[in-house]
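One-based numbering along the sequence shown.
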Amino acid sequence: MADRHPTHNAMKCHSVAALWSPSPPSHHVTAAVATPAALFTGAADGTVLHWPLATASASASPRPSSLLCAHAAAIVALCPLPSPASLLAACAAGVLSLFSASAPLRCLRRRSLPPWAGSPSLVAPLASTSTSSSPGVAILCHAPDDGGHRHVSAVVVVDARTLTVLHTAFHGTLSVATPRAIAVCGCGDEAVSVVLADVEGRAQVVPVAKGVAAEGDSLRRLSVSSMSSVASAEMADGRVEAVALSHDGKVVALVLKTRCLFKCVAEGVVLGEMSLLGTPLCKDDKGEENGCSIGGFFLRGEEWNACAPENGIVVRSLVLWSSSGAAAVYRVVVGTSSFESEAVCEIPDILSMQGEGLEIKFCQLNQHLVRVESCSYKVAGSLLWKPKISLWSLDQLELGISENKLPSSKLLREGGVQVEEFRPEPSHSHSDINSGVEMNSQVCSSDSNNLERYGRTVSSSMVLSEDSYAPYAVVYGFHNGDIEVIRFLNVSPATAKFGGGGIYPHISERFFLGHKGAILCLAAHYMHARTDSRNFHRALISGSSDCTIRVWDLDAGTLLSVMHHHVASVKQIILPPAWAYHPWDDCFLSVGEDGLVALVSLETMRVERMFPGHPGYASMLAWEGVKGYIACLCRNLHTCNDAGNGLYIWDLKSGARERIISGTASQSAFEHFCRGISKNAVTGSILGGTTSASSLLVPIFKDTSHLWSHAGKKGHDISSVSTNHNNESTVSVTVSGHTTYDFKGKTPAPDEARVFHGGNSVYSSEKAVSSHSIHKRIKCPIKCSCPYPGIASVRFDLTAIMSTQGMTNSNTDKLRGHLHGENAKETLQPGMLDGVHEMDSPSRESLEGRLLRFSLCFLHLWDVDCDLDKLLVDEMQVCKPEGCHIATGVVGDRGSFTLMFPGKDATLELWKSSAEFCAMRSLSIVSLAQRMITLSRSCTNASSALAAFYTRHFAEKVPDIKPPSLQLLVSFWQHPSEHVRMAARSLFHCAAPRSIPQPLKMHKKKAPDALLSSSDNMNDFISAVQSASISSYGELKADGGNVDKDDSDTANMISWLESFENQEWLSWIGGTSQDAMASNIIVAAALVVWYPSIVKAKLASLVVSPLIKLVMSMNDRYSSTAAELLAEGMESTWKACLGSEITHFMSDILFQIECLSTAPSSSVIHKTAVAVTMREALVGTLLPSLAMADVTGFFSVIESQIWATSSDSPVHVASLKTLTRAVRGAPKALAPYLEKAISYILHTMDPSNLIMRKACIISSMMALREMARVFPMVALNESMTRLAVGDAIGEIRNATIRVYDIESVTKIRILDACGPPGLPSLLTGSSNTMATILISALSFSPDGEGLVAFSENGLMIRWWSLGTGWWERLSRNLTPIQCTKLIYVPPWEGFSPNSARLSIISSILGHDKHGNSEVYLLLFASLLLCYLRQFYYIIFSLSSAVRFVH
């Protein structure tokens, strides 16, 4: 299967498991928005929480269910988008992400704005117009100008589906101050404009001009000059706390401490003023009058807004809130000369939590208001945040106690992050192995007495991977300075000395204590150079807020060194790239908040280089390993001032600063620097740059194909990313060379690189450098990353896992030394690393077995079926991982994730809401379980139960789960792995009755209890279209009198078959719009063939033409499947639809086979495997079914191909193979055409055409042997030199037997087999017609000189002596020869019908070729009677066919 390159052709099937730390994550809310069904909150670290509100009951406390991971900087705006419902998120780093608003909230697009646009600040959806093909979004961005003297802003219009910049509406310096509010005015066909309002009440109107979509910096040159209208208004006295802009952009509200001003945007005049004195908005925590309003917005909806054009009166509703959590709703009535305001209701403040540690935001949810609270708390000196939300009703009010008090809004429910979800779960009932907890006593911190794990919060984390195959440890750094390593010891057999085996996985814990501040960054490095002074092999590097860097021995747990060269917090640890050579390969870079970047050697434990002079923190850093340069990007995302924004390029070897680039060009230059080196996903490999790196920080490039091709040429990659996980999100990238190594500590120079086959690349060189990397063509089965502190994502690639079939421990034997040192061999048991495929003993488990068991541990949904869980633990020795909370997730676009919160309820909610997730997760687990069945005999019961659970029983236990997506499942029917193909088909059959697409479903009053055969509901339809005229491969010209169907149903079915837009499942597997249409066709055809009783009858006629076109398109993912469906349903369904077009279809298929075999060499780089697969499907499956459906047409086609194609054409071989398969499949249909079949076979063996004979001789002889095996009236002698063919059906007076010489392909004898006068009829019904079965069986004598024929009619046995004299050979007389002897034999019991005719004769007569002829005839008579019973069904079918003809 590896030869078919499955990584390029196979659909992607990724499953994600989330590992949550025991402490809840910090979430400082910076943006919040509500949709009709949920609330979304964005935080300062880039996280976005999803709070489902619509499905929660009135008494349930709302809590987050999923974490959207797509950003590494503060979220500045969240914007819900309609049609289709989605959510747009923008962060300060200029990254945009688009999430589906419905479950599973998958990231559909992740793109980066061009560097010149700057950082986004405000987002507003544009009103759809009749001319726009897709919705758009207006984004206001701020960026420093290249000159550094003015602030440059840009208003860009982005496509809401692809996130590509359509055009630039404005680029330059705004006429107003920094805008605080944005709105869109104009709708429909009116001119659409963007209104920007600042704190002074001034507004600028920017028309959204239609431009041409462009890429890159060309947008800046295509900027449209805006017709800005600045409203000059008198400066409002006092400080403006908040700005609110009406949704139509006509009114702006300026919120001051004690009053609120309303101004007209167009005219700039003050419409009215509203006092806030006496309201909760002006009261502080002591109850004194002190204005503290901080926010406000206008309510949406017809209930809160009204307009009377005839009177000029407009009613608007405004919500204002204060820092104490109090809010008030006001109704404002504005007329031509009047202004009125009225307080409607209020929301009380938060009495228990007031002060600097509380931040409040409000948003509207239908007829409710949602209050979002961010409460701060300190842990070991670090400031963390905890979110809390409360839902208030606007239509259910509670009257106040006093008359002057406003009615209060009713509190419906409130909730937050549940700490209980992160508490330790009870140990598994079957996991009785005690986890070992180790603590370094030599470097215990002052808090060593308080090692309560679950009372601490994680500040940094990373995942350690073994050989890039699977993670074997999770490292947590806490805010109190502790470091904890949680090991999964069963991942590698080399870890057996720590307690491997038994329950899987076995957990071990180790603590590293010594830091006095929060751990901000972590890294793990494998030492390349081994000297006598340094005997450690793996180093753990930690940077802390206490300004120190500590280096630990990861294996021994001892402290190696403490470094104090930074005077501020250490935020990044950058490991060397793979192409680095000694001594740079054992160094690392440290980046601190003091602006210093230092190069530290692990070999000498000293600071070797310092790169000072950065004006600020180097938030992004790239390390080029070939030429030895580092690029440090200092970027301030919190201000528009360009001070401190610049790119610094350093020479690593000399320490000299090469270049400084300032302004917006710094970001473009940094991306160009990274693009020239190429990009690689963070794999988490311990020797490829394993750090506490967020995979979301890797730069997003547009032309990924260029990057990979460039990577193939230069062999570089971006291997690690580091981030500050405290209160601010920063970005950094380490760029490294991507090379391959042997596993003995050697690596070649670039010019010594070689490429070897077999999945691993092995080199031989004497340069002692890096010893661990994977060839760039190897696809890592399991990839790990930590998008945020305390949250690790483990992504399982089903295609890569299945491609490890056959990989044994010979691969891991090479890397046994790097896990635990050179002495690891002494601790391993003999045979522990032996390459075996069966894993009945855990100590003799193969690499594939470890990967399968590890995958099942994290992907299986535990605690749903307790019996299944117990079976997995007892038989497969697989249990739920402990030490961290396991949740599920989905993969998004370009490294993004959606991770569910811990708990079974959140995971089950995903199963209940997403058909795509159900299909992907079920397919992965069932495929792994089926592979386990073939891999281990001892796990058969558990694997079978696991596959049955996700195929059928899961839906029985949880009835409301979504059925798997049929279109997604059929995409894997041609997967390179047999187990994946089997799993996809099994899931399809189980899900099809529950998930038939609505346009195809047969609407019945009562659903069928059982699946019916294909003939139950198709008979009427087949009879209706039996005589229809077919053209263009079966496009039926339906007659209204024969097929009485509603036109709307037909139109709906055609529309569904041809639909390809808005197919979300395509993004799950990396498909295209062509895949969408092909999957629809396959699904419809499969339902017609297998489930005809529950789909509409006309569907067969509508889908047959697209199905045939799909076969002829030679699609490597679907054409073979289409051919199989056509073959399987040919007799029952498609034959009636195609009619006479079957002949034309066979001709085109043979032509396609000719094209496949003669493709030019330039196009067969990728198409070779496709052509082989398609030939197998066409010749082995489809053509035989067509031949059996139309035998006459088949012979006419193949006979015409003899003269229409060249002698060496593969069409002749394909025709012979098709004939052979047709003989096996439908002998009764070919019996009347025996003469044609034999004639065609002999024609391909004609010695006068040596080219054709050479090409077809093997297939021709196979066809002759098959004919002789299936048809008893065809016989070959033992030496395969003579062929005898008797008349099967015909008139009894004209029966003959032809004898051919195979070597010369000539007819040498015609034997007379006519019935003699007065022929008795001993078999009932044999004499009812003149046309009957003539020759029932033929057989040559062992010496080939005699021929025996048996006739059913009269039970006659005839004997001919063929003769071998030279005069007989010279004779060309073909006059029918009478038989030598004729015997009438009455029926009696004979020999066993399972015996072969020649073997029985040989055993009786011995090897005497000149035995008694009379004995031979008598014995053979009995033999033929037994042989007749074996072919009784064929004879009876032939007799029935003859009677039907007459």
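- Counted by atom type alone, Thr1072 and Asp1075 present one or more donor-acceptor pairs between their side chains at under 3.5 Å.
- Salt bridge annotation for Asp1049-Lys1098: absent, with no cationic side-chain nitrogen under 4.0 angstrom from a carboxylate oxygen.
- Here the side chain of Arg981 pairs no donor or acceptor atom with the backbone of Gln974 at under 3.5 angstrom.
- Checking side-chain atoms of Ser1119 against main-chain N and O of Met1114 turns up a donor-acceptor pair under 3.5 Å.
- Each of Pro1210, Ser1209, Ser1215 was compared with His1212 under the side chain to side chain contact (heavy atoms under 4.5 Å, CB included) criterion, and only Ser1209 meets it.
- Here CG of Leu966 is found 3.5 Å from OG of Ser995. Values are rounded to the nearest 0.5 Å.
- Not one N or O on the side chain of Ser1120 forms a donor-acceptor pair closer than 3.5 Å with the backbone of Asp1116.
- Looking at Ser1055, its side chain never comes within 3.5 Å of a backbone N or O of Ala1051 through a donor-acceptor pair.
- For residues 1094-1123, there are no ring-ring contact (aromatic ring centres under 6.0 Å, His included) pairs, not counting sequence neighbours.
- Residues Thr1121 and Leu1110 are not in side-chain contact: their nearest non-hydrogen atoms beyond the backbone lie 4.5 Å or more apart.
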Could you go through the side chain to side chain contact (heavy atoms under 4.5 Å, CB included) check for Thr799 and Val980 one step at a time? CA-CA 9 Å; Thr799 301; Val980 178; over 6 Å; no
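- No donor-acceptor distance shorter than 3.5 angstrom exists from the side chain of Ser1239 to the backbone of Glu1235, with no hydrogens or angles considered.
- Within the 4.5 Å cutoff, the side chain of Met1053 has no heavy atoms near those of the Val1103 side chain.
- You'll find the side chain of Phe972 stays beyond 4.5 Å of the side chain of Leu798, heavy atoms only.
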Applying side chain to side chain contact (heavy atoms under 4.5 Å, CB included) to Phe796 and Arg921, what does each step give before you reach the verdict? CA-CA 10 Å; Phe796 301 85; Arg921 183 56 60 92; over 6 Å; no
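- Within 6.0 Å of the CD1 atom in Ile1257, the count of heavy atoms belonging to other residues, nucleotides or ligands exceeds 12.
- Taking all atoms of both residues into account, the shortest heavy-atom contact from Ser1260 to Thr1244 is OG-OG1, 2.8 Å.
- In terms of modelled atom types and a separation under 3.5 Å, the side chain of Ser914 and the main chain of Ala103 share no donor-acceptor contact.
- Remark: side-chain polar atoms of Lys1096 are paired, donor with acceptor, to backbone N or O of Pro999 under 3.5 angstrom.
- The closest side-chain donor-acceptor pair between Thr1181 and Glu1124, if any, does not fall under 3.5 angstrom.
- A donor and an acceptor atom, one from each side chain of Asn1115 and Ser1113, are nowhere located under 3.5 Å apart.
- A heavy-atom distance below 4.5 Å is not found between the side chains of Trp1134 and Ile1142.
- For the atom pair CD1 of Ile1108 and SG of Cys1137, the computed distance is 9.5 Å after rounding to the nearest 0.5 Å.
- Considering all non-hydrogen atoms of both residues, Ala1084 and Leu1099 come closest at O-CD2, 3.9 Å.
- For the atom pair CD1 of Ile996 and CD1 of Ile1094, the computed distance is 3.0 Å after rounding to the nearest 0.5 Å.
- Considering only residues two or more places apart in sequence or on other chains, Ser1185 meets the side-chain contact (heavy atoms from CB on, under 4.5 Å) condition with Ala1127, Met1130, Leu1182.
- Between Leu1150 and Leu1183 the shortest side-chain heavy-atom distance falls below 4.5 Å.
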Ser986 vs Gln930, test: side chain to side chain contact (heavy atoms under 4.5 Å, CB included). Steps then yes/no. CA-CA 11 Å; Ser986 300; Gln930 290 182 352; 4.3 Å; yes
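- Counting all heavy atoms, side chain and backbone alike, Trp1065 lies closest to Ala1076 at CZ2-CA, 3.8 Å.
- Contact of the Lys1217 side chain with the Ser1259 side chain is registered, since non-hydrogen atoms from C-beta on lie closer than 4.5 Å.
- With sequence neighbours excluded, the residues that form a ring pair (Phe, Tyr, Trp, His ring centres under 6.0 Å) with Trp973 are Phe988, Trp1090.
- Considering only heavy atoms from C-beta on, Leu1186 comes within 4.5 Å of Ile1149 through its side chain.
- Going from atom CG of Leu1102 over to atom CD of Glu1058 covers 10.0 Å, rounded to the nearest 0.5 Å.
- At least one donor-acceptor pair under 3.5 Å links the side chain of Ser1059 to the backbone N or O of Trp1056.
- Nearest heavy atom pair, residue Pro964 against residue Ala991, reads CD-CB, 3.5 Å.
- Residues Tyr1233 and Ala1229 share a closest heavy-atom pair of CD1-O, 3.5 Å.
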In sequence, state the C-alpha distance, the side-chain angles, and the governing distance for Ile801 and Leu928, and then conclude on side chain to side chain contact (heavy atoms under 4.5 Å, CB included). CA-CA 9 Å; Ile801 293 176; Leu928 297 176; 3.9 Å; yes
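- Side-chain atoms of Tyr1091 come within 3.5 Å of backbone N or O of His989 as a donor-acceptor pair.
- In this structure, the separation between CE on Met920 and CG on Leu969 is 10.0 Å, given to the nearest 0.5 Å.
- Electrostatic pairing of Asp893 and Arg111 counts as a salt bridge here, judged by a charged N lying under 4.0 Å from a carboxylate O.
- Around the CD1 atom of Ile1258, the shell of radius 6.0 Å holds no more than 12 heavy atoms that belong to other residues, nucleotides or ligands.
- Around atom CE of Met1077, more than 12 heavy atoms belonging to other residues, nucleotides or ligands sit under 6.0 Å away.
- Separating the CG atom in Asp1208 from the SG atom in Cys1256 is a distance of 9.5 Å, to the nearest 0.5 Å.
- Among all heavy-atom pairs drawn from Cys918 and Ser922, the shortest one is O-OG, 2.7 Å.
- Contact check for Arg161 versus Pro135: side-chain heavy atoms found under the 4.5 Å cut-off.
- With hydrogens and angles disregarded, no donor-acceptor distance shorter than 3.5 Å links the side chain of Arg109 to the backbone of Leu98.
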